[in-house]
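Data block below; observations after.
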Number of protein chains: 2
Amino acid sequence: MTTAQGARERARNEVTAAIKEAARRQLAAEGAAKLSLRAVARELGMVSSALYRYFPSRDELLTALIIDAYDALGAAAEKARHAAGEAAPVDCFIAVCEAVRTWALTHPHEYALIYGSPVPGYAAPETTVPAAARTGVVLIGVFRDARQGPGLDELPLSAELRPEAARLAAEIAPDLPPEVAAAMVAAWAQLFGLVSFELFGQFNNVIEDRERFFRHAVTGLARGAGLR
Amino acid sequence: MTTAQGARERARNEVTAAIKEAARRQLAAEGAAKLSLRAVARELGMVSSALYRYFPSRDELLTALIIDAYDALGAAAEKARHAAGEAAPVDCFIAVCEAVRTWALTHPHEYALIYGSPVPGYAAPETTVPAAARTGVVLIGVFRDARQGPGLDELPLSAELRPEAARLAAEIAPDLPPEVAAAMVAAWAQLFGLVSFELFGQFNNVIEDRERFFRHAVTGLARGAGLR
DNA sequence: TCTAAAGCAAGAGCAGTGCTCTTTTTTGTG
DNA sequence: CACAAAAAAGAGCACTGCTCTTGCTTTAGA
């Protein structure tokens with residue numbers, strides 16, 4: 001059952017990988033909206049209908065690319081977190097943020113695929129959730145570690161938001177206090193606001209020294225979330 | 001020259017408006033990627049090729065819609081700023097933020113059009129810049145007013161970023177000190193990070209009470225930018 | 001008032017898209 | 001080797017944006 005049907009399955013996996021690779025190339029060249037099954041097939045020297053043996057629809061292909069993108073970004077974040085090691089929490093946070101930004105700048109179309117406007121009529125299936133969570137988990141880890149040492153300031157939390165924050169903490173990080181969970185999620189969203197603005201051209205004619213500006217903004221983000 | 005050629009021009013303007021309206025309806029229903037000239041033409045009972053008399057290409061139609069969207073968002077922000085009147089700077093800021101969020105939630109596709117992933121191969125022409133700036137100008141106004149009273153805290157600014165911040169301030173708000181300009185732009189980007197995350201589904205299964213969470217996050221944003 | 005110019009709609013057609021269906025070819029295995 | 005399962009091919013459908021040509025209608029100037 002393993003090596004017996006292996007030959008066929010191996011071939012299938014190889015073709016699947018080749019399709020994804022070609023699609024990714026085309027994604028990088030033209031963007032998600034112009035990803036065409038026919039062009040992918042053309043590049044691989046097969047007929048367009050043959051692709052449907054491997055991906056039941058264009059959306060399924062997109063889903064596969066989305067998962068890969070989430071995973072790649074998550075891996076980059078994890079690597080940065082690991083490299084930062086035992087540095088001060090705020091520096092760990094900044095390191096992860098810069099990894100996210102760097103990955104986004106080197107893979108703009110894949111970033112747009114996962115953090116840009118959702119493709120209309122396309123709802124990301126549950127399959128993408130674990131991959132999507134990886135980057136968030138890294139961020140959670142930074143805050144968790146900060147709480148071990150004295151690297152986390154007290155944070156205000158209005159009575160109004162307390163129930164939601166408690167629910168949120170129970171959901172994503174039961175060992176973190178509600179106010180920390182809330183601050184973290186906010187910082188997470190704001191980080192991607194910075195990256196998206198830079199990537200999507202909103203900083204054109206506004207920010208020149210993007211690198212330094214990002215570092216500055218992200219430092220503020222970290223402090224605002226209680227890290228030091 | 002005014003009323004003489006008026007009949008033709010008037011008809012032309014009316015048709016142009018009708019096209020934009022139909023396109024906007026379709027945009028709201030299906031999203032930018034599925035905006036089809038043929039469908040718009042069908043809705044108006046004209047033939048598709050006739051549309052090209054009014055908009056030289058699909059992109060030009062999109063540009064018109066983009067400008068309208070920027071203007072609508074800017075108007076919403078201005079209205080909120082005006083309604084907030086002489087309130088505390090932090091409250092003015094929050095009011096504008098909530099107006100942005102509300103507009104985005106009621107016009108998701110138009111929001112995605114202007115703050116989502118850029119359409120590949122399509123570069124927003126210079127024409128969109130003034131409209132795009134309106135919301136930013138409102139935000140600048142909040143900070144400017146805050147500086148009249150005692151509503152603005154001192155902000156840190158690393159020596160590293162000082163030149164960029166000075167350049168930035170000179171560019172967008174010469175009467176504001178560099179550190180304020182930098183903080184404002186960062187807050188601006190982060191605001192849209194919050195809105196985009198909510199709108200693009202990144203908060204699904206994460207944040208329940210979006211309204212309150214947004215208020216909390218945006219309050220933190222304001223304080224982080226020195227408002228009080 | 002008559003005519004020439006400008007404006008506009010229509011239609012045909014090109015090259016491309018996702019997707020489905022049927023037929024043919026390949027291929028690993030009993 | 002023969003056979004059944006898997007893969008590929010091909011034709012075709014209903015779309016898309018866009019271009020070009022052909023006529024008709026309105027308008028403006030002589």
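Residue numbers begin at 1 in each chain, while the letters A, B, ... track the order of the sequences. The analysis underlying the following values was restricted to heavy atoms, covering all of them including side chains, and did not include hydrogens, waters or symmetry mates.
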Validation: residues 18-26 of chain A side-chain donor-acceptor distances under 3.5 Å, sequence neighbours left out:
unit_1  : atom_1 : unit_2  : atom_2 : d
A:Lys20 : NZ     : A:Asp68 : OD2    : 3.1
A:Arg24 : NH1    : A:Asp68 : OD2    : 3.2
A:Arg25 : NE     : A:Glu43 : OE2    : 2.8
A:Arg25 : NH2    : A:Glu43 : OE2    : 2.6
A:Gln26 : OE1    : A:Ser36 : N      : 2.9

Here the distance between atom P of D:dA5 and atom CZ of A:Arg12, to the nearest Å, is 16 Å

By nearest-nucleotide position on DNA chain C, the 5'-leaning member of A:Pro56 and B:Arg53 is B:Arg53

B:Leu62 atom CG is separated from D:dG17 atom P, nearest whole Å, by 10 Å

Residues of residues 38-51 of chain A with a heavy atom under 4.0 Å from any atom of DNA chain C, listed by number, are A:Arg38, A:Arg42, A:Ser48, A:Ser49

Atom NZ of A:Lys34 and atom C1' of C:dA15 are separated, to the nearest Å, by 14 Å

For this session: Check the side chains of A:Ser196 and A:Tyr111 for a donor-acceptor pair under 3.5 angstrom, ignoring hydrogens and angles.
Result: yes

* Measure from the side-chain N and O atoms of A:Ser117 to the backbone N and O of B:Ser117, and report whether any donor-acceptor pair falls under 3.5 Å. => yes

So, the side chain of A:Arg167 versus the backbone of B:Val206: is there a donor-acceptor pair under 3.5 Å, distance only?
yes

A:Tyr52 atom OH is separated from C:dT23 atom C1', nearest whole Å, by 19 Å

* Asked: B:Arg58 side chain to B:Leu35 main-chain N or O, any donor-acceptor pair under 3.5 Å?
  -> yes

Atom CZ of A:Phe55 and atom P of C:dT20 are separated, to the nearest Å, by 16 Å

Exercise. Any sub-3.5 Å donor-acceptor pair from B:Glu164's side-chain atoms to A:Glu208's backbone N or O?
Worked result: yes

Between CD of A:Glu14 and C1' of D:dA7 the distance, given in whole Å, is 15 Å

Rounded to whole Å, the CG-C1' distance (A:Asp59 to C:dT17) equals 14 Å

Rounded to whole Å, the CZ-P distance (A:Arg58 to D:dT16) equals 15 Å

The nucleotide from C:dG18, D:dG17, C:dA9 with an atom nearest the side chain of B:Tyr54 is C:dA9

